[in-house]
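In what follows, chains carry the letters A, B, and so on, assigned in the order in which the sequence lines appear, proteins first and then strands, with residues in each chain numbered from 1.
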Amino acid sequence: MNWDQLELHPRIIAAVRRAGLRSLPDVLSVSGPDLQRLTSLSGSDVQQLLTAAANACRRHPPITALELHRRSESGLRLGVGCPVLDQLLRGGLPVGGITELSGQSGAGKTQLALQICLSVQYPTQYGGLDSGAVYICTEDSFPIRRLQQLIRNQSLLRSDVPPTLISSLQFSDHVYVEHAADLDSLQVCLSRRVPLLLARGLVRLLVVDSLAALFRSEFQAADWLERTKQLITFSSTLRHLSLEFTTPVLCINQVTDVFSSDDSLSQLSSSVSPALGLVWANQVMVRLMMRRLQATVTHGDQSSALRRLEVVLAPHLAQGGRDLAVWREGVRGVMSS
Amino acid sequence: MQRSVFSLSLSPSVKRKLVNAGFQFTNDLLHLKPVQLSKEATLSQLEALEVLQAVRKEGGGGDAGASSSLTALDLLQKEQDLRRIVTFSSQLDAALGGGLPVGKTTEICGAPGVGKTQLCLQLAVDVQVPQCFGGIGGQVVYIDTEGSFLLQRVVDIATAAVQHCSLLVEDDEQRVAMTTFTVETILSNTFLVRCHDYVELLAELHLLPDFLSDHPRVRLLVIDSVAFPFRQHFEDLSQRTRLLNGLAQQLIAMATSHNMAVLMTNQMTTRLRGGQSQQVPALGETWGHAPTSRLLLHWAGSRRLAAIFKSPDHTGATVQYQITSEGFRDIDQSEQTHTVQSTASQRDTGH
């Protein structure tokens with residue numbers, strides 16, 4: 001820490017150096033009287049030191065919500081490429097915070113995630129963020145054929161966008177795929193490669209498919225303490241990336257069966273709940289759940305199982321859901337009659 | 001009343017020198033000049049001056065706030081003068097004794113998605129309701145550590161509150177008040193701070209007293225959530241406890257000296273006890289002493305319940321609430337009677 005950057009009397013700075021305080025967090029974590037004892041400075045000097053340290057740590061002074069409202073970035077959302085689902089999500093995924101999408105296998109989670117990787121590439125007036133996406137696979141290999149199919153059929157899905165614009169976008173050039181087979185490689189990916197892509201402005205969407213796979217396979221039941229620690233570290237890294245670069249983070253999660261009938265914490269009527277427990281749930285801002293329904297719907301020559309996307313928790317969304325189906329061109333909401 | 005010099009906020013070495021020189025109580029120091037004191041107690045001139053300033057400021061007894069002793073009757077009157085912030089849920093208001101108390105600290109605990117942030121946002125709007133509508137017409141400082149302060153939602157709640165009040169207008173005073181109670185003014189009276197880790201939170205709280213002196217109308221400080229920054233990057237749990245204790249003291253001091261309500265949220269964690277897991281508020285046992293009252297929001301099936309489980313002046317009560325598009329509200333009348341009975345039976349069997 002370079003103490004000279006603080007606007008303080010040289011006498012105070014010398015005392016801080018002598019006391020062996022290394023960083024601003026060190027100063028702020030010590031109580032006033034302790035700081036006095038460590039540095040043998042007078043009370044008013046210590047107050048000056050604390051104020052200077054606090055000012056150096058603060059990113060910006062309090063702003064009113066009105067100022068925030070007037071900034072263009074405030075209401076920014078990432079559309080998912082379907083007006084019915086965007087309406088449910090009030091515009092799409094929020095740009096600061098983790099959105100979790102959970103569901104049983106075959107519910108259509110990856111389908112929606114792939115579609116969002118494409119919708120992020122549209123300009124903002126069409127619900128995108130005008131940038132690419134990074135997709136971290138941990139379970140399977142990346143479904144590249146399906147992505148190609150989605151790209152070919154974009155003009156079918158996005159009839160709201162002029163066809164010339166769609167044909168001018170090089171979709172597959174802007175989806176960066178990472179494979180992480182274990183926690184260590186995920187760690188490397190999240191701490192080195194992803195920040196680089198984000199800082200260069202090449203991507204503005206991070207998809208992790210899925211965090212649960214790694215955490216559920218690498219740890220034994222007895223290692224729960226270690227697992228919790230790791231989980232907190234990873235989720236705070238994800239959150240940090242999201243807030244630092246105002247980038248939406250979409251995490252796909254598996255589900256776990258719930259056996260207890262009297263679960264006071266979960267309001268879900270279904271018998272499954274998202275995996276990874278309370279530790280993870282505390283870190284999530286928006287929690288969506290997808291499930292497969294019994295019915296099937298047809299559309300032209302295609303037929304698809306009906307699925308339902310539900311908002312489980314979100315600070316800005318009402319609880320509710322929409323039916324949807326997966327077609328050749330992508331995921332689309334089904335207007336219930 | 002005599003006060004020991006050890007109770008002054010001075011550095012330990014200075015206090016030791018004072019006691020060694022025979023100064024036991026603040027009264028012994030009152031008549032001294034700095035030069036005399038520095039000679040007698042072998043203190044530097046500057047230290048001597050600080051000692052005497054501390055003695056004069058903190059006086060013969062008690063802190064700045066209680067410099068003249070108060071009787072319990074005075075205190076009662078003082079407390080009755082403090083208005084409460086209504087929550088827009090009449091049942092919760094009743095359970096809290098008229099709303100969120102100003103000058104006290106309150107903690108909301110609950111599982112993700114149960115409505116902690118919703119109640120915070122609701123109160124951030126409610127504190128601004130003009131006095132003629134039964135509000136206190138204050139401002140709010142909102143410290144967001146989780147990134148869950150979404151403007152869209154604040155606008156929803158503010159719009160509903162403005163609409164609610166506009167329906168209540170009866171006399172000219174209220175009509176005049178409504179011209180300045182709009183969504184726009186609500187947003188301009190909401191000061192938002194985003195903190196990404198505990199260092200930023202500590203820094204912000206250190207600078208907050210100055211901000212509050214510049215903005216005397218602030219009546220509510222929201223921290224959503226205290227738990228989040230303190231549940232990561234901590235290897236040393238004793239340091240965490242120490243920091244949290246310091247934080248709690250700072251918050252209580254701010255609440256009393258600036259006459260505002262402090263509202264913070266806490267996460268839940270799982271505790272294993274004798275092979276059984278149990279949901280308890282995070283941050284440990286010591287932190288539980290910090291807030292004046294604690295409110296637990298939890299699910300019971302598909303119903304949302306708010307239980308007061310620590311409060312100096314109310315016995316525990318449980319009420320049912322709902323989160324609507326307008327904000328935090330009572331449930332509809334018809335369902336209520338059923339709820340109260342079932343929660344009563346649940347509390348008996350729950351422990």
Side-chain angles (χ1 to χ4, degrees), chain A residues 24-25 28-29 31-33 36-37 40 42-44 50-51 53-69 74-75 90-91 94 96-97 232-233 236 239-240 242-244 262-267 269 277-279 281-285 287 312-316 318-319, chain B residues 9-13 46-47 50 54 111-114 117-118 121 141-142 146-156 184 186-194 196 199-200 202-204 206-207 211 227-228 231-233 239 242-243 246 267-270 279 298-302 323-325:
Chain A
L24 289 176
L28 287 171
S29 307
S31 68
Q36 247 178 327
R37 189 169 48 79
S40 51
S42 67
S44 58
L50 279 171
T51 309
N55 268 314
C57 282
R58 168 145 105 172
R59 292 182 187 213
H60 45 72
I63 58 163
T64 66
L66 194 63
E67 284 171 59
L68 197 73
H69 195 51
S74 70
R90 295 181 79 176
I232 289 185
T233 313
S236 59
R239 284 185 66 101
H240 182 76
S242 176
L243 296 175
E244 184 78 28
D262 182 28
D263 187 6
S264 65
L265 283 164
S266 157
Q267 75 284 25
S269 50
L278 197 56
V279 178
N282 277 324
Q283 313 270 338
V284 170
M285 180 152 88
R287 169 167 266 184
V312 181
L313 67 92
H316 63 303
Q319 281 183 4
Chain B
S9 55
L10 294 168
S11 79
S13 63
L46 189 67
E47 283 173 324
E50 260 178 14
V114 75
T117 301
Q118 301 298 324
L121 295 175
V141 175
Y142 199 106
E146 300 197 351
S148 55
F149 182 91
L150 285 179
L151 214 49
Q152 223 174 8
R153 187 62 188 146
V154 184
V155 172
D156 287 351
E184 195 144 296
I186 290 176
L187 293 183
S188 67
N189 285 328
T190 306
F191 299 98
L192 178 71
V193 186
R194 289 220 157 99
H196 298 95
V199 179
E200 284 181 37
L202 292 176
E204 198 55 54
H206 189 80
L207 297 172
F211 182 85
F228 190 76
R231 293 191 74 193
Q232 46 201 6
H233 313 305
Q239 191 206 13
R242 201 160 47 71
L243 286 178
Q267 300 175 341
M268 301 296 276
T269 185
T270 310
Q279 305 279 350
H298 61 106
W299 293 99
S302 60
I323 308 285
T324 66
S325 55

One should read off an interatomic distance between A:Leu68 CG and B:Leu150 CG, to the nearest 0.5 angstrom, of 10.0 Å

Rounded distance [0.5 Å steps], CD in B:Glu184 versus CG in A:Leu66:
5.0 Å

What part of B:Ser325 is in contact with chain A, defined as an atom under 4.5 angstrom from a non-hydrogen atom: side chain, backbone, both or neither?
neither

Which portion of B:Ser13 sits near chain A, non-hydrogen atoms under 4.5 angstrom
neither

Under 4.5 Å from any heavy atom of chain A, what part of B:Val141 do you find: side chain, backbone, both or neither?
neither

Are any non-hydrogen side-chain atoms of B:Leu207 and A:Asn55 less than 4.5 angstrom apart?
yes

Considering only heavy atoms and a distance below 4.5 Å, find which of B:Leu202, B:Val114, B:Val193, B:Leu192 pairs most often with chain A.
B:Leu192

Taking side chain as everything from C-beta outward and backbone as N, CA, C, O, which of these in B:Asp156 sits under 4.5 Å from a heavy atom of chain A? Side chain, backbone, both or neither.
side chain

So do the side chains of B:Gln118 and A:Pro315 get within less than 4.5 Å of each other, counting heavy atoms only?
yes

Examine whether an atom of B:Leu243 lies under 4.5 Å from a heavy atom of chain A, and if so say whether it belongs to the side chain, the backbone or both; otherwise answer neither.
side chain

Would you mind telling me which of B:Thr269, B:Thr190, B:Leu121 has the largest number of heavy-atom pairs within less than 4.5 Å of chain A?
B:Thr190

When you compare the side chain of A:Met285 with that of B:Glu146, does any pair of heavy atoms fall below 4.5 Å?
no

Give the minimum heavy-atom separation between A:Ser29 and B:Arg242, together with the two atoms involved.
O-NH1, 3.4 Å

At a heavy-atom separation under 4.5 Å, does A:Ala281 approach chain B through its side chain, its backbone, both, or neither?
both

Could you look at A:Leu243 and say if it's the side chain, the backbone, both or neither that has a heavy atom under 4.5 Å from chain B?
side chain

Pick from A:Arg239, A:His60, A:Gln36 with the largest number of heavy-atom pairs that fall under 4.5 Å of chain B
A:Arg239

Any idea which heavy atoms bring A:His316 and B:Gln152 closest together, and the distance?
CD2-OE1, 3.3 Å

Is there a donor-acceptor pair closer than 3.5 Å between any side-chain N or O of B:Glu50 and the backbone N or O of A:Ser44?
yes

Can you tell which part of B:Thr324 gets under 4.5 Å to a heavy atom of chain A, answering side chain, backbone, both or neither?
neither

Among B:Val155, B:Asn189, B:Leu187, the residue with the most heavy-atom pairs under 4.5 Å to chain A is B:Leu187

Interface moiety of B:Phe191 toward chain A, non-hydrogen atoms closer than 4.5 Å:
both

Look up atom CD1 in A:Ile63 and atom OG in B:Ser188, then write down how far apart they are to the nearest 0.5 Å.
12.5 Å

When rounded to the nearest 0.5 angstrom, what is the spacing between OG in A:Ser40 and CD in B:Glu47?
9.0 Å

So, are B:Glu204 and A:Arg58 salt-bridged, with charged N and O less than 4.0 Å apart?
yes

Check A:Asn282, A:Val279, A:Leu278 against B:Gln267 for a side-chain contact (heavy atoms from CB on, under 4.5 Å) and give me the one that passes.
A:Asn282

Given that the side chain runs from C-beta out, which part of B:Phe228 has a heavy atom under 4.5 Å from chain A: side chain, backbone, both or neither?
side chain

